[in-house]
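Every chain is numbered from 1, with letters handed out A, B, ... down the list of sequences.
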Amino acid sequence: MRNLVQLILKYHFLIIFVVLQLFAFYLLVSGNNYQNNKFTNLTGNISGGVLERYHNFTNYINLGEKNNKLAEENAFLKQYEKYSLKKLFSDKVKIEDTLYQQQYLYIAAEVIENSVSNKKNYILINKGRINGIMPEMGVISSDGVVGIVKSSSDNFAVIVSLLHIESKVSAFIEENNYFGSISWSGDDEHTLMLNDIPNYVSLKKGYHIKTSGYSSAFPKGVPIGTIKSFERVENGSFYKIDVDISTDFRKLSHVYIVKDLMKIEREKIIEEATLHD
Amino acid sequence: MIKQIARYIISFTALFLVQIFVLNQIEFAGYIRPYLYVLFLLLLPIDLSGWLALLIAFFIGTVIDMFTQTPGMNTSACLVLVFSRQYLLKLIAPREGYETGQLPRPEFFGWKWFFIYSSILVAIHHVWLFYAEVFHFKYFFSTLLRAIFSTVFTEVLILLTVLFFYNSSKSK
């Protein structure tokens, strides 16, 4: 027993190092876990508050440009307002439109911390669980896809940016309807990779890549980017395609979180259908 | 003693603010990420007990991680830095050993000693940090390149900071 105490005293430096290092690695590994990120839940409210204050301060610098962009978007949305539509029928006719049902709602949020230089980039926004933001929801900006919500605390949420080496988004080429998946190589903040497009398809530079709507994170048709270059891989059956990102992550300030109203229904039927396999 | 602790707290606050609100906000060519805050760990007193240095490293790494949404990453690298610092200090000790109250600064041991001391520890910290971030060896060379470039940049910042802020009174 005395020897043991002596041993611990002798190697206390090494022991403390190993214990603390193991704890750090536990945080590192569980923090990389998509689903439940206790660390951000715990600390998000503290650091989020400070970062938000800082963001509010620096926000003024780019205010002009941001206002223009929001105004443009408002103008675009105005065309769908009731007063922009011409009335074709007289007042007395009531039309119950059952052709369309609302599937997606959008929650506007502001970016308060963002990076593009890491291999795994995350974005912190100023809305959280209180505003209905849950993990796995899609995030878009007025330019296109931004990422997917990783975790949310009461007032803040962390988004896995498209610029994250493990992010994956289902996409299709608008001009010919072929489906593939989008990922990031980690090198260039302006370029994504489009995978799984078979090499017999004919492609052209500038073709539009949009979300496929296969997952409930994004509606179909949100822009991701345009084809920058493509080449056939030798001995492979797929193209190697570089995609120019439509979102400028360096200027990201206002984002919208996509809420799929039919998500539960969708998951339920998939579960039922695959239950007896 | 209390004065010295107060000085360390002020210097930590300053380095922390610069790290979070200046260095982390600027994107350097997409490839380079300086971590000036490690200077605080480099400048801890030489005769500080190892366990205390480890706890300080743990605390500082956690605080930085909180503000960069990278749980465990900086913490782990800081612990490795302090751990190797203990052995490096023995390795590069002057022939007559350290005197009490000496700080690992150029004003005590000269610029060449400080350059070797700081660049080795910064390199260890950065290599560990960048691999901990990616967490596998798939991007071995690009990660190494990022670590090396960032090390050079951090080292330059450290030398400048020490030259202007930590080199005042006792210079020989």
Lys127(A) atom NZ, neighbour heavy-atom count above 12 within 6.0 Å: yes

- line: Highest number of heavy-atom pairs under 4.5 Å with chain A among Trp51(B), Phe130(B), Phe58(B) belongs to Phe58(B)

Gln6(A) atom CD, neighbour heavy-atom count above 12 within 6.0 Å: yes

query: Is the OH atom of Tyr87(B) crowded by more than 12 outside heavy atoms at less than 6.0 Å?
result: yes

message: If you count every heavy atom of other residues, nucleotides or ligands that lies below 6.0 Å from Phe115(B) atom CZ, does the total exceed 12?
response: no

Trace of the side chain to side chain contact (heavy atoms under 4.5 Å, CB included) decision for Lys119(A) with Ser142(B): CA-CA 10 Å; Lys119(A) 293 267 185 201; Ser142(B) 70; 3.2 Å; yes

query: Distance from Leu55(B) atom CG to Leu20(A) atom CG, nearest 0.5 Å?
result: 6.0 Å

field: Inter-residue atom distance Gln86(B).CD - Leu14(A).CG, 0.5 Å rounding
entry: 12.0 Å

statement: Cut-off 4.5 Å, heavy atoms of chain B, and the answer for Glu113(A) is side chain

- request: Check the surroundings of atom OH in Tyr106(A): do more than 12 heavy atoms from other residues, nucleotides or ligands lie under 6.0 Å from it?
  value: yes

From Thr68(B) atom OG1 to Asn118(A) atom CG, the distance as rounded to the nearest 0.5 Å: 8.5 Å

query: CD/Glu133(B) to CG/Leu28(A) distance, rounded to the nearest 0.5 angstrom?
result: 9.5 Å

message: Treating Gln21(A) as the side-chain partner and Leu79(B) as the backbone partner, does any N or O pair qualify as donor plus acceptor under 3.5 Å?
response: no

Phe25(A) portion near chain B, given a 4.5 angstrom heavy-atom threshold: side chain

task: For residues Arg33(B) and Ser117(A), report the shortest heavy-atom separation together with the two atoms involved.
output: CD-OG, 3.7 Å

- request: Quick one: which of Thr75(B), Val80(B), Ile20(B) has the most heavy-atom pairs under 4.5 Å with chain A, could you say?
  value: Val80(B)

